[in-house]
Each structure stands twice: as C-alpha cells, then as structure tokens.
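Some notes on the structure that comes next.
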Amino acid sequence: MFGQNASAAILNALDKSLAVIEFKPDGTIITANRNFCAAMGYELAEIAGRHHSIFVEPSEAKSAEYREFWEKLGRGEFDARQYKRLGKGGKEIWIEASYNPVFSGQRVIKVVKVATDITAAKLEAAENAGKIEAISRAQAVIEFKPDGTILTANENFCTALGYSLDEIKGRHHSMFVEPAEAESSGYREFWEKLGRGEFVTDEFKRVGKGGREIYIQASYNPLFDMDGNVVKVVKFATDVTGRVHAVQAIASGLGQLADGDVDQQIDEPFIPSLEKLRTDFNATVAVLRDTLTTVSETAATISVATEEIRVASDDLARRTEQQAASVEETSAALGELTDTVRASAARAEEAGTLVARTKSSAETSGEVVRRAVTAMGEIEASSDQISQIIGVIDEIAFQTNLLALNAGVEAARAGEAGKGFAVVAQEVRALAQRSAEAAKEIKGLIQKSTSQVEEGVSLVGETGKALQAIVAEVQVIDENVRAIVEAARNQSTGLAEINKAVGSIDDGTQQNATMVEESTAACHNLAAQTQELDALIGRFSIARGRQSRHDRHAGHANFSQSSPARKLQSNLKQVYSANGNAAISQNNWENF
Amino acid sequence: MLPQSLDKFSTDLGDSVIEIIAFEIGGQQFCVRTTAVREIRGWSKSTPLPGSPHEIMGMMNLRGSIIPIVNMATKLGMPPSEPDARSAVIVAEVQNQVIGLLVDRVADILTVESSVVQPTPEMRGSFTGGHVTGVLATGQGMICFLDLDRMFAGFSIEEEAA
C-alpha cells in the first residue's frame, strides 16, 4: 500500500508547504523548491551548483564549526535547529530547519534540508525579550505567588521602596501597605481578584522602608499556566510619588486659588517632568494676581469716574431743569408777546378801518366842498345879475333925478308960475334919490354878499385843499397802518417760528431730560456694578489698601434719590400743554 | 372992488329968497343961481377940442348946438375931476354963452333966504376969492356960492379970439 507513488505524494505535499533544498554531501546545491527560493529571494538558477556557504555569513563559512557541520552531515548525522541564514542581498533570515542526510546503502548521497521561515517569530521573540528588559530597566518589577508572597523584584523596585532584594524575598506583599489597609477586606479582595486571574491597574499608595510614603502607578498581572491556572502575579510599577506630590501641591494651590488666594506660590520644586507645571502655575497665579490688581485698580478708577459722571449728571439735570424753566418763561413771554402783537394788530386794523372811513368822509366832504363852490359860483352869478339890475335901477334913478333937477330948473326959471311944478319936481327928485339910495344900499349889500360869497368860496376852496391834504395824509396814514399790519403779520410769522423753535428747544430739553435720567440710571447701575466688581475683587487676597474705595462707595447711595430730570419732565409737559401751543394760532392772522 | 361986489350982492339979495343948485366938486360943495342954469345933463363923452385951455375938456352936441365943456375942478384950481357915469354937466348961460360945467354930482335944488349967504372972508392975495361971492353954512357943511359971470368974465373974448 505504501508504494513508490505514496512516497512521491507525501513528498509532493511537503514540497507545497515547506522550503526544501537538496545538497550534495559536500554542500553543493543540487536543487531547491519554490518555497525555498521565495524565502531566500533567489532564483533556482542562481543557486544551483553553488555551495551552501552563500547562505551564511562569510565569517561563519570560514569557521571550523561550519566545516564540522558539513562533515557531521557527511557522516550521516542529521542536524535540526534554528539557523540564522542570509538571503539574497544579505537579508537576515531565521529558519527552523533540519538537514537530513539521505543514504544509498551505507553512503550518504545527498543531504535534504527541510526549512520553515521563522524570521518573523524570531524577531518577535527578540523584540519581546527586549521589551521585557526595557520594562525592567524603566519600571519597578516584582513577582508574587498568587497568594502575595514575594518571589523576586528587580533593582528599580528595591530602590523605589528602599529595600534590598534579600529583605523582601519570601515575605508577603502586605509589608508595603499601611497596616490598616492590610487588615481591610478590600486588600483581601484585591488578592482574591488577582488569584481569579483578573488584572488590576491603578495608582497605589505604598509604604517604603522606614514608613516612607510612596506612590506608584502599577499593574498587577496574573500569569497563567497551560491549564489557565494563576501561577504567579507580575507587577509592573512606576514610582509616581513626585507626580502625586506635584498634583497635591497643584490641587492645594488651586483650592487656595478658589478661595481667592492669589498671593500664594509653590516654592518646592516638582519632579523635572512636572517642574514646568509648577512654574506655569506660579506664572498663572502671578498673571492672575497682576490682572486682578489691575482690575481692582481699574474698578477703583471706574468708581471715581462714576462719581464724577454722577456729579456731572446731577449738574446736567439741574441745568436742564433751569433750561426748562427758561423755556417755560420764554414760552410765557412769547404768549404775552403774541397777545400784544395780536392786540396791536387789532388796533392797527381798527386804525385802518377808521382811516378808510376818514378817507371816504374826506372824499365825500371834498364833493360837498365842490358843490358848495359851485353853489357859491351860482350865488356870485346871481349877485352879478342883481348888481346889473341894481345898476339899471340906479341908472334910472339917476336919470329920474336929472329929469327932476331939470324940472326944478325949469320951474325955478318959470318963477311964480313954476312953483307948483317945482314942488312936484322936488318930490320926484326925492323919490329918485330914495331909489338911488335904495339901489346903493342894495348894491352895497350885494357887494357885501359878493365879498362874503367870495370869502366863502375861498374858505371852501381852502377847506377843499385842507381836505385834499387830509386825504393825502390819510393816504400816508393808511400806508403806515398797512405797514404796521404787515409788520404785525411778519411779527406773527416770526413769533410762529420762534414758537416752533421754542417747541424744538422744549423737545430737546425733554430729550435731554430723558437722557439725563437714563444717564443717571446708567450711572447708578455702573456704580452698583462697580461695587459688585469691587466685592468680587475683594474675595481675592491682593496685598493693597482697599479702604479708600469703600469710602467712595458710600457717596453712590444717593443715586437712588429722586432724579431732577424726572421731576423736570413732568413739569415741562404741563407747561407746554398749557402754554406752548396756545401761543399762536395762524388763523388769527388771516383776517388782516 | 369988494364993496362993489358986496353992493351988487346985496342988490341981488334984495329979493329975500334965492333959488340955488348945489353940487360937489372934489368933495367940496358949491352952488350957483338956478336962474343961470339952462338944464342938467348926465355925463357923455365930449369931443376934445385941440388947442383949447386946459380946463376945457372938449365939445358937446346939445340938440344941435355945439357947447364947450369946462372941467370945474380945474377951473377952481383943484385936481381935475375924472368924469364917470354919475358925473353931471350943468348947462349954464353965462354972458349969453351956453357952456357945460362938469361937476362930480348935483346935490340939490335949494331955496334959501338971501340973508343966509355970508360974505367970503377977506383973504388977500387969494385967487379963488374972485369966483366965490359968498358962503352958505348948512347943517351938512359949507356951500361956496360961485359967480359964474365973474368966473367966465373973459370967456367970450377968448372964444371970439379962438
């Protein structure tokens, strides 16, 4: 059953998984399979016919051990172990191999080497060993039995706790903990937990030789046998005492800081790795101290400034009040002025009416005068006619007189015979004389009347001229009155503008008042906040005189008292609703 | 001469009443015998007579007869009268001559007692004395009695000469 074919199949199977190479007994390479070539990095053609020594370091190839190795194989003894070999380009390769001499009868005809590449495993093992060594160098390592009995400890451990290895070997781990803890159930559970195969990693407080406190960062690692039983516990520990002390110092510092102590400083140096933490902490505190000092000083400045603002605000409020009073007075004065202007405008209007009436009267009078003049002229004409008639009568009287005289003369010349006729002539003459006298009287009267009419005409003419002068003057008066009315209107316009302006001033004053109030309120808030700030800063222990600022705060209390601006505003509102808008109504002026 | 005139005057006054015409010249009253007067006329403009004495104002047509007009004021040595509508011309007959006498106004025809006429006061050297033969004192003032014959004594001769 196990014939030639079966052997070939086995070899074939091995050939697939293993690196196989065949040598002549002297070490010359006959052949190699693909696995081998791949592992060493060569092509088969490159190595066939060459000696195995190409796979070893030259120094080894020349060594007696290498010669002995091949002689041993030549004698038919196999060699199996881990070998270090060189691949193509000098690459280091670890192989688990066996060199198997193949006999033909009693003679070795070739050597078959079957190899597995163990370079990775080899390197890992080397690395692990290195790691453990490194851990051992860096850390304190101690090994216990599962019950806590000390098996061994490295030097770091011994140094950290101040013991020599002999002093602790065979003793129980509880010697490193405080007696109270050693008695506790927690400690017992700790070891039970390890005994169950659970590992524990934590920071622990331990007691060194002479009761010295030591802090360690440690991991207790149970090690198991093939059956999973805990055979021992390895503890890797790092002495973190310095770090813990540093952390405690920092914690205490921060605690003090929380209580407002910014005058503190950590003077004791930390471990070098944490020294920067200390200096940074100190720097931080210093910066904080400086900042708080600055803030405190700033707060003091703000406090002073707030006081000044308050005083200024009060001042402003007072002045705004005065301004409001002035505006009120102005408004009242404006009202009076407006009344006066209105009254004067009304007077001017009346005057204008009177002037117009006077003018029309004067004009009517002028007409009357003209008619009077005309009538006078007619009277004159009639007088003239009367005068003429009187002249005629006078003439007749004169002629009659002459005739009577002649009659008289004739009668006289007639002597005694003419005496009767003379009497008649005398009577006729008397009548004529009376007629003449009457005519003369009438003439005189007419002349007188004419002169009176003339006087009347001249008086009427003068009256006419006087009336014309009056009309002209009335015209001038009218113009003046118009000018006065115009001026009054302008005044009213001006007053309206002034009123508007006063309104604006009032608005401004009210806004000012509001702003003053806001400003005062803000000032009050500011003062309160400054106080608050000061109180906050007071919680920090800053070495400086703080008393003066508290004194200043006493002055801020009166912020809450009545703001002058507030009173003012209500006053203004009253004044303006009562007085301001009543000052001028533009309609009143449209009558002019 | 004076006694003669007085004598003549007295003979004239022998009638006891005399008729006179009183007139005004230059605001003064004069009179003449009514018998010496032909008629009285109103003033009408006279035609000047060139070369005549300055008291002759000119000529007037009296119903066909041309008569000279004498300005009595000038004749009496007073400022000449300016004739107007109320001036009168007394047409008198003197020494058979008809002449017109311009007077300012004829005042009246009076009948007076001859005793009322008083002689003119003696004023030596007075040239008017020759014309005024007496003075009548009346309530309205004095009236000078003129003797026309004496006033125009040489009138006819001048007229003849002319």
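Quick caveat, the model's predicted, so the values are computed rather than measured. Here is how names work: the chains are called A, B, and so on, in the same order as the sequence lines, proteins then strands, and each is numbered from 1.
E410(A) has its side chain out of reach of R38(B): every pair of non-hydrogen atoms, C-beta onward, lies at least 4.5 Å apart. Residues V409(A) and I21(B) have side chains in contact (heavy-atom distance under 4.5 Å, counting atoms from C-beta outward). Counting heavy atoms from C-beta on, the side chains of R413(A) and E19(B) never come closer than 4.5 Å.
Put simply, of D108(B), V106(B), T111(B), the one with the most heavy-atom pairs under 4.5 Å next to chain A is D108(B).
Nearest heavy atoms, T34(B) versus A412(A): CG2-CB, 3.3 Å. Considering all non-hydrogen atoms of both residues, I109(B) and L405(A) come closest at CD1-O, 3.2 Å.
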Table please: side-chain donor-acceptor pairs of residues 358-369 of chain A below 3.5 Å, with sequence neighbours left out.
{"from": "T358(A)", "atom 1": "OG1", "to": "L354(A)", "atom 2": "O", "distance (Å)": "2.6"}
{"from": "K359(A)", "atom 1": "NZ", "to": "Q475(A)", "atom 2": "OE1", "distance (Å)": "3.4"}
{"from": "S360(A)", "atom 1": "OG", "to": "R357(A)", "atom 2": "O", "distance (Å)": "3.3"}
{"from": "S361(A)", "atom 1": "OG", "to": "R357(A)", "atom 2": "O", "distance (Å)": "3.0"}
{"from": "T364(A)", "atom 1": "OG1", "to": "S360(A)", "atom 2": "O", "distance (Å)": "2.7"}
{"from": "S365(A)", "atom 1": "OG", "to": "S361(A)", "atom 2": "O", "distance (Å)": "2.8"}
{"from": "E367(A)", "atom 1": "OE1", "to": "R370(A)", "atom 2": "NE", "distance (Å)": "3.3"}
{"from": "E367(A)", "atom 1": "OE1", "to": "R370(A)", "atom 2": "NH2", "distance (Å)": "2.8"}

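At a 4.5 Å heavy-atom cutoff, Q399(A) makes no contact with chain B through either its backbone or its side chain. Interface remark: R41(B) contributes backbone atoms only to the contact with chain A (heavy atom separation under 4.5 Å).
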